[in-house]
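Please read the structure below before turning to the comments.
Every heavy atom of this structure was used, including side-chain atoms; hydrogens, water molecules and symmetry mates were not. We count ligands from 1, going down the list as the structure has it; atoms in each ligand are counted the same way.
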Amino acid sequence: MKNHIKLFIPGPVEVSPSTLQAFASPMIGHRSPEFQSLYREVQTGLQKLFQTQGPVFVSTSSAWGVMEAAIRNLVARRVLCCANGAFSDKWYDVALRCGKEAEKLSVPWGKPITPEQIEPYLQTGRFDALTLVHNETSTGLMNPLEEIAQLLKHYPEVSFLVDCVSSFSAVPTPFEQLGADVLLTGSQKALALPPGISLFAVSERALQKARSIPARGFYFDFLEFEANHRKSMTPSTPSISHFFALRHKLAEIFQEGLEARYERHRRNAELVRHWALSRGFELFPARGFESVTLTCIRNTRGIDVGAWIARLRERFGCVIDGGYGKIRGMTFRISHMGDETPQTIQNLLEGLDRALDELGG
Ligand SMILES: *Cc1c(COP(=O)(O)O)cnc(C)c1O
């Protein structure tokens, strides 16, 4: 691919030529037996990845579609939105825009949400749903999902809605073990697929609850997904290209092995963290809560990040991200998820060093 700039931004991430080739498969009808068998094949892999016996639905939308859907399908009374970054802040806004009662549990960006902070809210009995972003892509922070899941087990009336968009498949997120009600991800993060679909598991308890919730709409109605799932189909014409690409990706994932995949992501992360610290930077998230899929680095050296990234692109044909939302410029982010390996990450880091040298940094 001539002139292709390799992406080390936290989504969309680089998509491999073999995935793109699978994506470009000839079309089949979405009500055909060929599609049903493709659906079933993909379903088997997804259940393994989500670690669930229940259905995993595929939505032709970006992750926000399913994040909005989770609110529309499962909030009857009031939702508590755990917020410590741009994505989790926005989930609260989305709840309000859906006309739901919502309250925000705000924690400073870069600090984790803890069960101790959540519990007093749940004890009031005012909430029937909670949103949590596992991996805050804006700040490179991973919230303690397992600990929070343990707490939520004491509140079965509170639907537990979890965004694993940028952690899914890079760390274990076992749906049933966590006791989550919705666990969702997008295609363009660690799965390294083109953007355009989202994958999500919904608990049996949540499907039951959705039946009693009015105005779920059509496109994102969980019960439509469930009814069509029984026929190995989607409610409307899906991105069939994504199903081909997903089948290819799932085969790759199980060929590598899940443990090896998790380990590769850990090693990538360690390399980048070590590089950042050894170059005199600091990590943005609180210690011990650093993301495994991307590293958000504080620009403590006051570098002109825009110029640095432009040089990296020009000379080495790759890009990183110059920071998200209100911490743009103060921070920069390096993605190391998807198909990246310690070798490709090492190459990137060398490029970053050389680009900075050339700028006289
Ligand atoms: C990327 C991302 C989203 C949104 O994904 P879209 O595909 O743009 O809808 C939501 N949450 C997190 C944590 C993300 O990283």
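- Of all the heavy atoms of W64, the ones lying under 4.0 Å from any atom of ligand 1 are found in both the backbone and the side chain.
- Near V133, meaning under 4.0 Å from one of its heavy atoms, ligand 1 places the atoms 13 (C).
- Heavy-atom separations between Q188 and ligand 1 include at least one value shorter than 4.0 Å.
- Protein heavy atom at the shortest distance from atom 6 (P) of ligand 1 is S62 OG, 3.4 Å.
- Note: F175 and F50 fail the aromatic proximity criterion, with ring centroids not under 6.0 Å apart.
- Ring centers of F200 and F225: under 6.0 Å apart, within the cut-off.
- With ring centers used as reference points, F35 lies under 6.0 Å from F243.
- Counting only heavy atoms of the protein, atom 5 (O) of ligand 1 lies nearest to A63 CB, 3.6 Å.
- Using 4.0 Å as the threshold, H134 has no heavy atom nearer than that to any atom of ligand 1.
- A donor-acceptor pair shorter than 3.5 Å can be found between the side chains of K209 and S159.
- The single protein non-hydrogen atom nearest to atom 1 (C) of ligand 1 is K189 NZ, 1.4 Å, given as residue, atom name and distance.
- In the model, E224 has no side-chain atom that pairs as donor or acceptor with a side-chain atom of Y219 under 3.5 Å.
- Atoms of ligand 1 lying under 4.0 Å from any heavy atom of N135, numbered from 1 in the order shown and given with element: 13 (C).
- Listed by number with element, the atoms of ligand 1 under 4.0 angstrom from any heavy atom of D163 are 10 (C), 11 (N), 12 (C), 13 (C).
- With no hydrogens or angles considered, a side-chain donor-acceptor pair links E176 and T52 at under 3.5 Å.
- Annotation: F23 is not in aromatic contact with H248 [ring centroid separation under 6.0 Å not met].
- Between W308 and F332, the distance separating the two ring centers is shorter than 6.0 angstrom.
- Which parts of ligand 1 touch T137 is read off a 4.0 Å heavy-atom cut-off, strictly below it: atoms 12 (C), 13 (C), 14 (C), 15 (O).
- Ligand-side atoms of ligand 1 in range of M67: 10 (C), range being under 4.0 angstrom from any heavy atom.
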